[in-house]
Amino acid sequence: MAELIKYKPLVENGAIFADAIASDYIELTNDRKVQFVVESGVGTAADTTVTVKAKLGASGTAVAIPFKKKIGQVTYTNIEKTGDTLSIGGTTGECGFAVYEVSSDALKGEYDRVNINLTAIASSTVPGSIVAVIVGSRYSE
């Protein structure tokens, strides 16, 4: 049986890294996981810190949580709730994307939604985008 996959653009293409980014929250009540795909293009190389926050309900209190990261075809690496340093920009051939993943099982029933956050890089003109890929229904709808 094929998995149901839904896509949701969180940050449109453009020079997105000059401002701090806090995406919309993605509810995972009926889905198995969300993958945040962060893409960056050619430009002055810099580092941003990526964190994932979770909360219960739309008005819940957001807290940083651990998550997973994958670049290219390598396996996922566990990232502590303090965050991950992501290098953006560079020259052609150096740029690419990273996938950050949160499983609904990792929320342990304490939270039902997550978002991704990136720190600002002053005066950055590096183009990029962020897309959420919501994977697999947990329950029949």
Side-chain angles (χ1 to χ4, degrees), residues 1-91 93-141:
M1 173 187 271
E3 289 191 271
L4 175 63
I5 298 177
K6 301 176 243 178
Y7 300 90
K8 179 178 182 175
L10 298 177
V11 179
E12 298 294 333
N13 289 328
I16 65 171
F17 299 103
D19 296 317
I21 297 169
S23 74
D24 292 341
Y25 277 85
I26 305 293
E27 188 173 349
L28 290 178
T29 304
N30 293 322
D31 299 299
R32 289 191 307 112
K33 62 185 170 184
V34 62
Q35 297 170 330
F36 297 104
V37 181
V38 180
E39 176 270 331
S40 78
V42 175
T44 303
D47 292 337
T48 181
T49 301
V50 178
T51 56
V52 173
K53 293 185 179 177
K55 64 182 184 176
L56 181 61
S59 60
T61 301
V63 296
I65 62 168
F67 52 100
K68 294 182 179 189
K69 172 187 177 180
K70 177 169 75 168
I71 294 181
Q73 297 299 320
V74 287
T75 58
Y76 280 98
T77 302
N78 292 322
I79 305 295
E80 296 295 324
K81 66 182 180 180
T82 53
D84 177 60
T85 300
L86 176 65
S87 296
I88 62 151
T91 60
E94 293 179 329
C95 306
F97 65 93
V99 178
Y100 295 96
E101 181 176 283
V102 178
S103 163
S104 56
D105 290 340
L107 302 178
K108 300 176 183 165
E110 297 176 32
Y111 311 106
D112 65 356
R113 60 198 71 214
V114 296
N115 82 339
I116 191 167
N117 302 268
L118 287 81
T119 56
I121 300 170
S123 303
S124 176
T125 59
V126 173
S129 64
I130 302 175
V131 175
V133 180
I134 304 159
V135 181
S137 295
R138 292 175 64 200
Y139 310 103
S140 299
E141 293 188 27

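For the single chain, residues carry numbers from 1 onward in sequence order.
- In this structure a side-chain-to-backbone donor-acceptor pair under 3.5 Å is present from Asn115 to Ser23.
- The backbone N or O of Thr119 lies less than 3.5 Å from no partner atom in the side chain of Thr49, so there is not a single donor-acceptor pair.
- In plain terms, the two heavy atoms of Ser87 and Asp47 that are nearest each other are OG-OD1, 2.8 Å.
- Within the 4.5 Å cutoff, no side-chain heavy atoms of Val50 are placed close to those of Phe36.
- One distance of note links CD of Gln35 with CD1 of Ile134; it measures 10.5 Å at 0.5 Å rounding.
- Judged by distance alone, with hydrogens and angles left aside, the side-chain atoms of Ser40 form a donor-acceptor pair with the main-chain N or O of Gly89 at under 3.5 Å.
- A donor-acceptor pair under 3.5 Å is absent between the side-chain atoms of Thr125 and the main chain of Ala15, judged by distance alone.
- Distance check: Phe67 CZ to Thr77 OG1 gives 11.0 Å after rounding to the nearest 0.5 Å.
- Here the options are Ile79, Val102, Asp84, the test is side-chain contact (heavy atoms from CB on, under 4.5 Å), and the partner is Val52; only Val102 passes.
- Within 6.0 Å of CD on Glu80 lie no more than 12 heavy atoms contributed by other residues, nucleotides or ligands.
- To the nearest 0.5 angstrom, Ile16 atom CD1 is 4.5 Å from Ile130 atom CD1.
- Heavy-atom neighbours of Lys55 NZ from other residues, nucleotides or ligands within 6.0 Å: above the threshold of 12.
- Note: Asn117 CG to Thr48 OG1 = 10.0 Å, rounded to the nearest 0.5 Å.
- For the pair Tyr100 and Leu86, the minimum side-chain heavy-atom distance is below 4.5 Å.
- Taken from NZ in Lys33 to CG in Leu28, the straight-line distance is 11.5 Å, to the nearest 0.5 Å.
- Across every non-hydrogen atom of Phe17 and Glu39, the tightest pair is CZ-O, 3.7 Å.
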Original post:
Passes side-chain contact (heavy atoms from CB on, under 4.5 Å), Ile121 versus Val126? Steps please.
Top reply: CA-CA 10 Å; Ile121 300 170; Val126 173; over 6 Å; no
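- In terms of modelled atom types and a separation under 3.5 Å, the side chain of Ser104 and the main chain of Asp31 share a donor-acceptor contact.
- In this structure, NZ on Lys70 lies 8.0 Å from CZ on Phe97, to the nearest 0.5 angstrom.
- Remark: side-chain polar atoms of Asp112 are paired, donor with acceptor, to backbone N or O of Gly57 under 3.5 angstrom.
- Counting heavy atoms from C-beta outward, Tyr111 and Val63 have side chains that approach closer than 4.5 Å.
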Original post:
Yes or no on side-chain contact (heavy atoms from CB on, under 4.5 Å) for Ile88 and Ser124, after CA distance, side-chain angles and deciding distance?
Top reply: CA-CA 10 Å; Ile88 62 151; Ser124 176; 4.1 Å; yes
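- When only modelled atom types and interatomic distance are considered, Thr29 and Glu27 share a side-chain donor-acceptor pair under 3.5 Å.
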